[in-house]
Amino acid sequence: MAKENFIISILKKCNPDPTKAGNLLLNLNALGILFAAGSNTFAAAIDKNTSKEDKKFLVPAGAATGVANLGIYYLMTNRIISHLKNSAQKEINKMDTLTLEKNAKTYAQNALKKAQKGLFKKSEEYIKSMEKTLFENGSEGKITAKAIELYKDNVKAAGGVLGAFIGAVIGCSILTPIIRDVSAYFVQKHMKKSNPNITNDDLKHFYTITSLNNSLNSQNKMPLTMKNYMNYSSSQGLKI
Amino acid sequence: MNIQSINNNQNNPGFKGIMKPLVKNAGLVAALAGSSVVAQKIVMSGSEAVVGPMIDIGVGKTITKITDEKDGKTNDSSKVQAIRTFSQSVGGTIVGVIMRLSCIALMTAILSKIGQSAGKLIGKEATKKDGVFRQIADTVVGDKALNAYEYEEKMKSWGKSTGGGIAVLIMLVTNFIIDAPFINWINGKMTNIVNNIQTKKQNKIAQNNASQKPKQANKEVG
């Protein structure tokens, strides 16, 4: 019984609102980015090859990069999701009752057809109760108020999910490399300033993982360039 | 949040027209609304696999041009990085999708099983005025409160949210154990493929040059 109570309390807390599917995707991706940034910063903090003096700069720089990446991604995606959900709501509001019923019926019929065949075919009991929940008199009859609500919720959810996808694509394919570049520029500047007499060999471990891997191109073993820092941060970077 | 900002949010213009074709397409609405973190990972990494290498090569070319680099080392290293970005996207997607799918399926199965026995509990408790599950009886599971369709959909929904969250936590470990060596393996294979293509290209150019030289010599003699 204790196990069930525990599960119920979890379920109560994570009871998912169907219209917030996009926000769920955003939050889970943001959690992944947060853990990744945290792990990278932690790895930099415990790296034995880095001096204490350099760590004073590298660790906050790593943390700041993570915060900037996460903050921009979260705010931007949240805004896109909210815009698209509002847009979906407006489209629903524009529909007259007949159009709404027609669209909801098509949606319900499609869902029923999908449940009846294919790889993920559902049980008899599921299909029967689905039909009963969505239609008043069989799949060709009038649809229920619940089916209309389901359609409305799913249109809003679709808007939110589309927003989450757009945000993820812009954030992870465009923003992350740009933020990484800017961060690399400052790290490079700091290293040059604080270590004017240091040799390139001494700095290899900062910038290029390929210095440890002889099977890769030797031309890549070129420290103190933004590109090599990118190689390092990209190959070392966690992606969850 | 103050009232003004809430009002602004409600008057949010939205992306005009972008949702218009979507609301009419029942299949697309269902596909998007039913998407989980798995679909997000595929979309995200798929775009990264295409855009990422292009950005890498573009940045390399730009740096070479701006700094007027003669040896072209940055350009070469950007090609290496492009292969790495591609390998990282492909490897990360394969492992990420498998992990996410497994966690969601596992959580859905666990919750469905426990939910069935807990459902009976809810059924009993919900009838009591001071029952612990009274407030959640309408929304939460219950083989008495919900029919098979609603119950399964609810469980799927819970499985997606809790499974997605657990996958993120598990991937903190699998990232080092599985992803890193797997990505290095893909990277090695991809580097070999690209190197072979480049060697073949160079050989072809060399052959063409060699075959053009005798022709030119013949012309000059003629």
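Every chain is numbered from 1, with letters handed out A, B, ... down the list of sequences. Keep in mind it's a predicted model, so treat the numbers as computed, not measured.
Interface remark: A:Ala88 contributes backbone and side-chain atoms alike to the contact with chain B (heavy atom separation under 4.5 Å). The part of B:Ser36 that comes within reach of chain A is its backbone (N, CA, C, O), which places non-hydrogen atoms under 4.5 angstrom from that chain. Of the atoms belonging to B:Ala31, not a single heavy atom falls under 4.5 Å from chain A. Looking at A:Leu100, there are no atoms closer than 4.5 Å to chain B (heavy atoms on both sides), in backbone or side chain. Proximity to chain B is absent for every atom of A:Lys132, based on heavy atoms less than 4.5 angstrom apart.
Contact count versus chain B (heavy atoms, under 4.5 Å) is highest, among A:Leu25, A:Asn154, A:Val155, for A:Leu25. Your options are A:Ile170, A:Leu28, A:Ile92, and the one with the most heavy-atom pairs under 4.5 Å with chain B is A:Leu28. Taking A:Thr133, A:Leu162, A:Asn110 one by one and counting their heavy-atom pairs under 4.5 Å with chain B, the maximum is reached by A:Thr133.
Taking all atoms of both residues into account, the shortest heavy-atom contact from A:Asn29 to B:Met44 is ND2-SD, 3.3 Å. Shown here for B:Ala33 and A:Ala21, the closest heavy-atom pair between the two residues is O-CB, 4.4 Å. Considering every non-hydrogen atom in both A:Tyr73 and B:Gln40, the closest pair reads OH-OE1, 4.5 Å. When every heavy atom of A:Ala158 is checked against every heavy atom of B:Val29, the shortest pair comes out as CB-O, 3.9 Å.
How far CG of B:Asn25 is from OH of A:Tyr107: 11.5 Å, rounded to the nearest 0.5 Å. In this structure, CG in B:Leu169 is found 5.0 Å from CZ in A:Phe35, a value given to the nearest 0.5 Å.
With a 6.0 Å radius and a threshold of 12 heavy atoms from other residues, nucleotides or ligands, A:Glu125 has its CD atom at or below the threshold.
Using a 4.5 Å heavy-atom cutoff, the side chains of B:Tyr149 and A:Leu134 are in contact.
Under the salt bridge (Lys or Arg N to Asp or Glu O under 4.0 Å) criterion, A:Glu131 pairs with no residue, sequence neighbours left out.
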